[in-house]
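Reviewing the structure listed below.
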Amino acid sequence: MPSASNIPPKVHHASVQGQLSLGQLTLNCLNELLAWHQSHHSHVSEHWLPLYDLRDRLNQPAWHIVVLGQVSRGKSALLNALYGETIFPVGAVHGTTQWPRTVRWQFGDHAVDLTDTPGLDEVAGSQREAMTWGAIATADLVLLVSHDTLTPIEVQARQQLEARRVPYQWVITKADLYAAVPENLTDAIVVSSTTGQGISELRAHVQQWLSHNALLERSTHLLHQASTIERAVGNALSSHLQAQQGNVPWPWLGGQLLGSVLLPGGGGDAVLAMVASFGYVRHWCQAYALPFPLPAFSEISQFLLLWCAAIYVTPWLGGSISGELWSLNTTVVLQAGVILWGYQQLRRKLESYLQQGYQWGRFGPQRLLAHIAQQQQP
């Protein structure tokens, strides 16, 4: 994912009406997911209740900017310079900031919550790091600070931000001490909290982000988080249903195997396979409380057509490789093998959709993310 400064020009010039529409679409998505799960998935509510938090964050009037970096990178001093006053404590002691601290900043027409976080390599270790990433989870923009050379910890932090789809902007601090900029950070903003170098540029960047990108990136981040929640719901439902019903589709499998004996050749076995397989798919959609047919159903439909075609030609293949006495038995054996293989593949392909949760509905998070990606193309 690109940093916040690398968003295509088309997004920078998005109209206010378009951004408001995106915010409304995101709200509709979260409301639809909540209504759907309340009606169908109350037994796994612990997995979808975080959707309420996402909806609350969408409606937050303040934008959340979090500074992230290692110890002694000048994170607190950077926020003080950005704010214009000393609001976060700074000092020579290793790890002055021991927990996330947030201050409301009225920046022009925008309310911004600035959050300072403990260093990623704090002496206290995992507890403070967990607090830091907890603050990142609600961030609209992260200022990722470094010096003149990236460390493995900073590279790993960037990878985590990109994996979580959190917008970020590199900031090189202490420019009065470190003049060089890493070659792979040419888009970074270079500042010195001591001399004031680059602070006006950073404020201009924040102003531009608030005016043109904030709602887009908040909505995108929330939709990605909603998508992750949907996968958690799908996995929970999968575990629950498999414990109840098992993996073998006995009613459909038994019916088709019986049909292959009673309807050898002539196309009746292929028709029976198509009807039974659609009934099987519909059953699992109902079990997961997902719409049927699935909105993303093309791949499964293509597989079903090929599978039924294989069942149709099996009698001809069985007759060609056996004598007249054994042709019927060979056909039954071949069809049974094709049917067993087909159900195994169908279940595997079907699970890849079902375990995604309710992603592809009218306001599904993946559908909206695909729409956003399309709008960003130059």
Of all the heavy-atom pairs spanning [X] and [Y], show the shortest one and how long it is.
X: Y83; Y: R104; result: CE1-O, 3.8 Å
X: Q106; Y: G108; result: NE2-O, 3.3 Å
X: V191; Y: G198; result: CG1-O, 3.5 Å
X: A62; Y: R218; result: O-NH2, 2.7 Å
X: L58; Y: G23; result: CD2-O, 3.8 Å
X: L150; Y: S146; result: CD2-OG, 3.4 Å

Distance-only, no hydrogens or angles: does the [X] side chain make a donor-acceptor pair with backbone N or O of [Y] under 3.5 Å?
X: H221; Y: A139; value: yes
X: S227; Y: P365; value: no
X: W307; Y: V338; value: yes
X: S39; Y: A35; value: yes
X: K75; Y: Q70; value: yes
X: R57; Y: L222; value: no
X: Q169; Y: D187; value: yes
X: D140; Y: W63; value: no
X: H64; Y: T138; value: yes
X: T132; Y: P118; value: yes

Side-chain touch [X]/[Y], heavy atoms, less than 4.5 angstrom:
X: T115; Y: V67; result: no
X: H43; Y: L237; result: yes
X: L68; Y: V145; result: no
X: L223; Y: C29; result: yes
X: L54; Y: I229; result: yes
X: L78; Y: L202; result: yes
X: Q160; Y: R164; result: yes
X: E85; Y: N80; result: no

### Task
Please determine if R101 and D116 form a salt bridge, counting it only when a charged side-chain N lies under 4.0 Å from a carboxylate O.
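Looking at R101 and D116, the cut-off is not met.
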### Task
Any chance you could lay out the side chain to side chain contact (heavy atoms under 4.5 Å, CB included) test for I189 and I172, step after step, and finish with the verdict?
CA-CA 6 Å; I189 299 175; I172 305 299; over 6 Å; no
From [X] [atom1] over to [Y] [atom2], what is the distance, rounded to the nearest 0.5 angstrom?
X: S21; Y: Q24; atom1: OG; atom2: CD; answer: 8.5 Å
X: T117; Y: F88; atom1: OG1; atom2: CZ; answer: 10.0 Å
X: D109; Y: Q207; atom1: CG; atom2: CD; answer: 7.5 Å
X: S219; Y: L368; atom1: OG; atom2: CG; answer: 9.5 Å
X: Q366; Y: H224; atom1: CD; atom2: NE2; answer: 7.5 Å
X: I65; Y: L82; atom1: CD1; atom2: CG; answer: 7.0 Å

### Query
In terms of hydrophobic clusters joined by side-chain contacts under 4.5 Å, are L306 and V281 together?
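No: no chain of side-chain contacts under 4.5 Å links L306 to V281.
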### Task
Answer yes if V155 and W133 sit in the same cluster of Ile, Leu, Val, Met, Phe, Trp and Tyr residues linked by side chain heavy atoms under 4.5 Å apart, and no otherwise.
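Looking at the clustering, W133 is in the same group as V155.
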### Reference residue L144; test side-chain contact (heavy atoms from CB on, under 4.5 Å); the match among V171, L161, V66, V166
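Exactly one candidate clears the test, L161.
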### Message
Is there a side chain to side chain contact (heavy atoms under 4.5 Å, CB included) between L346 and Y280? Walk through the geometry before answering.
### Response
CA-CA 9 Å; L346 177 60; Y280 176 69; 3.4 Å; yes
### Task
Please work out which of the three classes, parallel, tilted or perpendicular, describes the rings of Y168 and W170, given edges at 30° and 60°.
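Perpendicular.
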### Query
Going by the angle between their ring planes, with limits at 30° and 60°, are H37 and H41 parallel, tilted or perpendicular?
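Tilted: the ring planes of H37 and H41 meet at 30° to 60°.
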### Task
Give a yes or no on whether the ring-centroid distance for H40 and W36 is below 6.0 angstrom.
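Ring centroids of H40 and W36 are less than 6.0 Å from each other.
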### Query
Taking it one step at a time, do K174 and R73 satisfy side chain to side chain contact (heavy atoms under 4.5 Å, CB included)?
CA-CA 8 Å; K174 301 185 180 181; R73 289 300 189 269; over 6 Å; no
### Task
Assess whether side chain to side chain contact (heavy atoms under 4.5 Å, CB included) is satisfied between W48 and Q38, documenting all intermediate values.
CA-CA 9 Å; W48 54 263; Q38 287 171 353; 3.6 Å; yes
